[in-house]
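For reference, the structure discussed in these notes is given below.
Protein chains get the first letters and strands the later ones, always in sequence-line order, with residue 1 at the start of each.
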Amino acid sequence: MQTAVQQARPAKKKLKFSQRFKNRLHDMKEYRASYVMISPFILLFSLFTILPVVLSIILSFTYYNVLEFPRWTGWSNYRRLFIDDEVFLLAVKNTFVYAVITGPLSYVLCLLFAWVVNELPGKLKAVMTFVFYAPSISNAFLIWTILFSGDMYGYANSFLLRLGIISDPVQWLSTQSYMMPIFIVVALWLSLGTAFLAMRAGFNTIDKQYFEAAAVDGIKNRWQELWYITLPMMAPHLMFSAVLQITGAFSAGAVGNALFGFPSTGYATHTIMNHLADYSGIRYERGYAAAIATLLFIVMVGTNKGVQRLIRKVGA
Amino acid sequence: MDQTVLTDAPEITASVKLRRVIRKIFSNRAEKINRTKIGNAGIFFFLGLFGIYSALPLFLTIMQAFKPLNEFFLYPPRYIPRQPTAENFRMLLSLMSTTWVPFSRYVFNTVFITICGTLGHVLVASLAAYPLAKHKFPGAKFIFSLVVTSLMFHSTVTDVVNYITMSTLRWVDTYLAVIVPAFQSVMGVFLMRQFMTQIPDSLLESARIDGASEYRTFWSIIMPQVKPAWLTLAILEFQNLWRLSGSNYIYREELKTLPYAMSQIVAGGIIRAGAGAAATVILMAVPIIFFILAQTQILQTMASSGIKE
């Protein structure tokens, strides 16, 4: 199919616009089957992903309460977010604290575990992959609420009480200074998901010959091997995993609700996602919610693009 | 006589096997290039430590589900039940029959949504991935770059507008509102496309020479080749839909899902602690079993998952 198209078109650089257009049209006709096959996805993807992102940006400049038609209000939603809405600023702070810690940490954990697990022999490899991956699909927050339960039956409390470190049970899940650290510990527990599997598979793809050749060329230990050979060779996997972990780090919300309730005490674990859900689903201020969504979108995509630039430097 | 042979034999092989594995870990590895014994020991210590962090909470969850009620509120708490019982699971069953909507309805909803959503997703994603991977049609690059960009944000961002879309389509409070958006999840298109790129072009070429249409090629040449990938897509989407506890578009009790019903049980307070743990274990068991069965295929798919610039 490709070759037919290439032959049909004269290989000239300067073509008239009409000719170029005709060629294009010819190509598109030639590839009719491709368009037919991709059309269900394109249709749904445009309707449920592209359109919402674009419309959100427009809606963010309006006042919209579901009942009335949106009314244009300019930058007022954004002004309100950054000047009047203290809870939002707190949510931004929490989200960044959370993302800056869990994002890179979970990424490094995925990488380290994938690497180490990959060194194991056959069966054990599969078992350890499962052990690390299982929490992310278990959805089992329940145990953490028992571990950090505020009464003396909670595992953490009873343990510390018996050691004599504390004399009264601690309210772990509603004391502001403990909430964020607990949030992060649980999030890390849940974070070895698809990205971990991608890295695990990435290590697998590298041919053993490279390591032998590298040993001859003077690579002395496993760290050098990791940095100079393995990581550059699996750069595409590093990139893919980074995207997943960053997106995950910024979309924290549900875990916090399960652990600390909504809203959390003193908004100590209130994230941008929570704020968005609050205004969109509970308060029905959809224009305002759209502004939050737009900001979140920009932050997520922006961070991803920035980090990709960093990853390209690995091993260089 | 015979009996002793029968009972002893497996023990011996198991211990031999274990010893073999240990020897493999500690001696064979060190013979490999650039591997020291001390380094290995350090790595295994690290692996063990974090293995516990990873596995212990799940282990305790399972223990919790088998704890009899009188062991729940003891001081000091008993991590492992002294008299394990299936009472919690029975209690869960009896609680289920007291709910307003028959419990079987919640089970049906989750199973129905999960199966329809997963099947549709695998089909739509594969159909889109094939031309993206193998045809150089005008617009292919652009569409793929949109897919990659969509991996970079969470779908919650689209919720505000999607609510308007759903109500315009009159899909609020129908299964469609949950099932159809699952079809277009970009992760599946991405993974499938990356996997299909590896299929040698010569295979497609020979199909064309034999006169197969593109649809025919897709269905009888490509799809059988990418079994690991569609299994992976199915399992990832299954995980998403299975844990779906609520949605902005579902308000009717008859359409609510299993995780939602379970969370209502857990919210029932102290007396239901056991039943809650039992519910959690049942819910987490299903995706975990599927993962164990499909691990090899998933890793095979992930091997091609990288993003090239």
If I compare all heavy atoms of B/V160 with all of A/A290, which pair ends up nearest, and what's the gap?
CG2-N, 4.2 Å
Between A/T49 and B/Q184, do the side chains contain a donor N or O and an acceptor N or O under 3.5 Å apart?
yes
Please look at B/L283 and chain A and tell me whether the side chain, the backbone, both or neither of the residue comes under 4.5 angstrom of a heavy atom of that chain.
neither
Can you tell me how far CG of A/N304 sits from OG1 of B/T149, rounded to the nearest 0.5 angstrom?
9.5 Å
Do the non-hydrogen side-chain atoms of B/I288 and A/Y133 ever get within less than 4.5 Å of each other?
no
What side-chain donor-acceptor pairs closer than 3.5 Å can you find for residues 295-302 of chain B, not counting sequence neighbours?
unit_1 : atom_1 : unit_2 : atom_2 : d
B/Q295 : NE2    : A/A126 : O      : 3.1
B/T301 : OG1    : B/P228 : O      : 3.1
B/T301 : OG1    : B/A229 : N      : 3.4
B/T301 : OG1    : B/T232 : OG1    : 2.7
B/T301 : OG1    : B/Q297 : O      : 2.9

Portion of B/F50 that has a non-hydrogen atom of chain A nearer than 4.5 angstrom:
both
Taken to the nearest 0.5 Å, the spacing of B/L146 CG from A/F45 CZ works out to 5.5 Å
Cut-off 4.5 Å, heavy atoms of chain A, and the answer for B/T156 is both
What part of A/L59 lies closer than 4.5 angstrom to a heavy atom of chain B: side chain, backbone, both or neither?
side chain
Side chain, backbone, both or neither: which part of A/Q224 has a non-hydrogen atom closer than 4.5 Å to chain B?
neither
Can you tell which part of B/A129 gets under 4.5 Å to a heavy atom of chain A, answering side chain, backbone, both or neither?
neither
Rounded distance [0.5 Å steps], OG1 in B/T158 versus CD1 in A/I50:
11.5 Å
Between B/F291 and A/F130, what is the ring plane arrangement, given parallel below 30°, perpendicular above 60°, and tilted in between?
parallel
Winner by heavy-atom pair count (cut-off under 4.5 Å) against chain B, out of A/N204, A/L161, A/T294, A/I246:
A/L161
Supply the atom-to-atom distance A/L47 CG to B/N162 CG, rounded to the nearest 0.5 angstrom.
7.5 Å
Side chains of B/F137 and A/D27, heavy atoms from C-beta outward: is any pair under 4.5 Å?
no
Could you go through B/F183 and A/F48, starting from their C-alpha distance and side-chain angles, then the distance that decides it, and tell me whether this counts as ring pair (Phe, Tyr, Trp, His ring centres under 6.0 Å)?
CA-CA 10 Å; B/F183 291 176; A/F48 294 115; 9.5 Å; no
Which portion of B/S155 sits near chain A, non-hydrogen atoms under 4.5 angstrom:
neither
Quick one: does A/H237's side chain have a donor or acceptor within less than 3.5 Å of a partner on B/A303's backbone?
yes
Rounded to the nearest 0.5 Å, how far does NE2 of B/H154 lie from CG of A/L276?
10.5 Å
Measuring heavy-atom distances to chain A, does B/V189 have an atom under 4.5 Å in its side chain, in its backbone, in both, or in neither?
side chain
Which bit of B/Y130 comes within less than 4.5 Å of chain A, counting heavy atoms only: side chain, backbone, both or neither?
side chain
Please look at B/I164 and chain A and tell me whether the side chain, the backbone, both or neither of the residue comes under 4.5 angstrom of a heavy atom of that chain.
side chain
Quick one: does A/Y31's side chain have a donor or acceptor within less than 3.5 Å of a partner on B/H135's backbone?
no
Heavy-atom distances under 4.5 Å only: say whether B/I292 touches chain A with side chain, backbone, both or neither.
side chain
Proximity breakdown for A/I219 and chain B, heavy-atom pairs closer than 4.5 Å:
both
A/L190, part contacting chain B, at a heavy-atom distance under 4.5 Å:
neither
Is it the backbone or the side chain of A/Y35 that comes under 4.5 Å from a heavy atom of chain B, or both, or neither?
side chain
Chain A contact via B/Y163 - side chain, backbone, both or neither, heavy atoms under 4.5 Å:
side chain
Which answer fits A/L55, side chain, backbone, both or neither, if we ask what part of it has an atom under 4.5 Å from a heavy atom of chain B?
both
Residue part contacting chain B, namely of A/F196, when any heavy atom lies under 4.5 Å
neither
Contact origin within A/I146 toward chain B - heavy atom pairs under 4.5 Å:
side chain
Enter the distance from A/S280:OG to B/D159:CG here, rounded to the nearest 0.5 Å.
6.0 Å
Is chain A contacted by the side chain of B/S305, its backbone, both, or neither, given a heavy-atom distance below 4.5 Å?
both
Give a yes or no answer on whether the side chain of A/T247 reaches the backbone of B/L151 with a donor-acceptor pair at less than 3.5 Å.
yes
Under 4.5 Å from any heavy atom of chain B - which part of A/M128
side chain
Could you label the plane-to-plane angle of the B/Y79 and A/Y155 rings as parallel, tilted or perpendicular, counting under 30° as parallel and over 60° as perpendicular?
perpendicular
Pick one of side chain, backbone, both or neither for A/M273, based on which atoms fall under 4.5 Å of a heavy atom in chain B.
side chain
For residues A/S34 and B/E214, determine if any side-chain heavy atom of one lies less than 4.5 Å from a side-chain heavy atom of the other.
no
Do the side chains of A/F240 and B/L191 get nearer than 4.5 Å, heavy atoms only?
yes
Give, as side chain, backbone, both or neither, the part of A/T145 having an atom under 4.5 angstrom from any heavy atom of chain B.
neither
Determine whether A/F113 and B/F46 satisfy the following criterion, ring pair (Phe, Tyr, Trp, His ring centres under 6.0 Å), listing intermediate values before the conclusion.
CA-CA 9 Å; A/F113 290 143; B/F46 167 81; 5.5 Å; yes
Would you mind telling me which of A/A140, A/S39, A/P40 has the largest number of heavy-atom pairs within less than 4.5 Å of chain B?
A/A140
By a 4.5 Å heavy-atom criterion (distance strictly below it), what part of B/T280 contacts chain A: side chain, backbone, both, or neither?
side chain
Heavy-atom pairs under 4.5 Å with chain B: which of A/Y64, A/W115, A/W223, A/F141 has the most?
A/Y64
Contacting moiety of A/V185, where chain B heavy atoms sit under 4.5 Å:
both
